[in-house]
Amino acid sequence: MIFVKEHFYNGRKLLSICDGNLIGKEFEEGKKVLNISKTFYHGEPMFEKDILELIEQDTLLNIVGEESVRFALKNNLIDKEGIAKIKEIPYAMRL
């Protein structure tokens, strides 16, 4: 299940989109840390069509997890080249 939480940053909408099974976990690889905090990521579980309705052209996206990244790629929200991984957990941002 994909969870979505809406934030506002410098007057712009930011959506944190995350696989539910990752929320509250932290992954480290060398000096890189991926902290999937409940405060930032634990929003509402949503279907893909509902997530797409929230996204506007200038919406910032912070995406974490296999299912969430796959959804973002399928809907052309991010480029494959923009995906990074920490401990095999994919994440991407759209600024």
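Along the sequence shown, residues are numbered consecutively beginning with 1.
- Classification of Glu6 and Lys13 as a salt-bridged pair holds, one side-chain N sitting under 4.0 Å from a carboxylate O.
- Residues Ile51 and Ile17 form a side-chain contact, since some pair of their non-hydrogen atoms from C-beta on lies under 4.5 Å apart.
- Hydrophobic clustering keeps Ile83 apart from Ile86 (ILVMFWY residues linked when any side-chain heavy atoms are closer than 4.5 Å, directly or through intermediates).
- At least one side-chain heavy atom of Glu26 sits less than 4.5 Å from a side-chain heavy atom of Val33.
- Of all heavy-atom pairs between Cys18 and Ile36, the closest is SG-CG2, 3.5 Å.
- Ile78 and Leu73 make their closest contact through O-CD2, 3.8 Å (heavy atoms, listed as atom of the first residue, atom of the second, distance).
- Ile63 and Leu22 fall into different hydrophobic clusters, where Ile, Leu, Val, Met, Phe, Trp and Tyr residues are linked whenever their side-chain heavy atoms come under 4.5 Å apart, directly or through other members.
- A salt bridge is absent between Arg70 and Glu67; no separation between the charged side-chain nitrogens and carboxylate oxygens falls under 4.0 Å.
- Side-chain atoms of Ser16 and Asn62 include no donor-acceptor pair closer than 3.5 Å.
- The salt bridge (charged side-chain N to carboxylate O under 4.0 Å, His left out) search around Glu66 returns none, not counting sequence neighbours.
- Linking ILVMFWY residues whenever their side-chain heavy atoms come closer than 4.5 Å, directly or via other members, leaves Leu77 and Tyr9 in distinct clusters.
- With a 4.5 Å cut-off on side-chain heavy atoms, Met46 and Leu54 count as touching.
- Annotation: salt bridge (charged side-chain N to carboxylate O under 4.0 Å, His left out) contacts of Lys49 (sequence neighbours excluded): none.
- Separating the OG1 atom in Thr59 from the CG atom in Leu95 is a distance of 12.5 Å, to the nearest 0.5 Å.
- Between Phe40 and Val64, every side-chain heavy-atom pair lies at or beyond the 4.5 Å cut-off.
- Applying the 6.0 Å contact sphere to NZ of Lys32 captures more than 12 heavy atoms from other residues, nucleotides or ligands.
- Judged by distance alone, the side chain of Arg12 and the main-chain N or O of Asp58 form a donor-acceptor pair under 3.5 Å.
- The minimum heavy-atom distance between Glu48 and Lys74, with the atom names listed, is OE1-NZ, 2.7 Å.
- Under the 4.5 Å side-chain criterion, counting only non-hydrogen atoms from C-beta, Arg94 is in contact with Ile55.
- In this structure a side-chain-to-backbone donor-acceptor pair under 3.5 Å is present from Ser68 to Asp19.
- Nearest heavy-atom pair across Gly43 and Phe3 is O-CD2, 3.5 Å.
- Without hydrogens or angle criteria, Asn75 side chain to Phe71 main chain gives a donor-acceptor distance under 3.5 Å.
- Taken together through direct or relayed side-chain contacts under 4.5 Å among Ile, Leu, Val, Met, Phe, Trp and Tyr, Leu52 and Val69 form part of one hydrophobic cluster.
- In this structure, Glu29 does not pair ionically with Lys85, as no charged nitrogen and carboxylate oxygen lie closer than 4.0 Å.
- A search for ring pair (Phe, Tyr, Trp, His ring centres under 6.0 Å) contacts involving Tyr91 returns nothing, not counting sequence neighbours.
- Nearest heavy-atom pair, Ile23 versus Tyr41, reported as atom, atom and distance to 0.1 Å: CD1-O, 3.8 Å.
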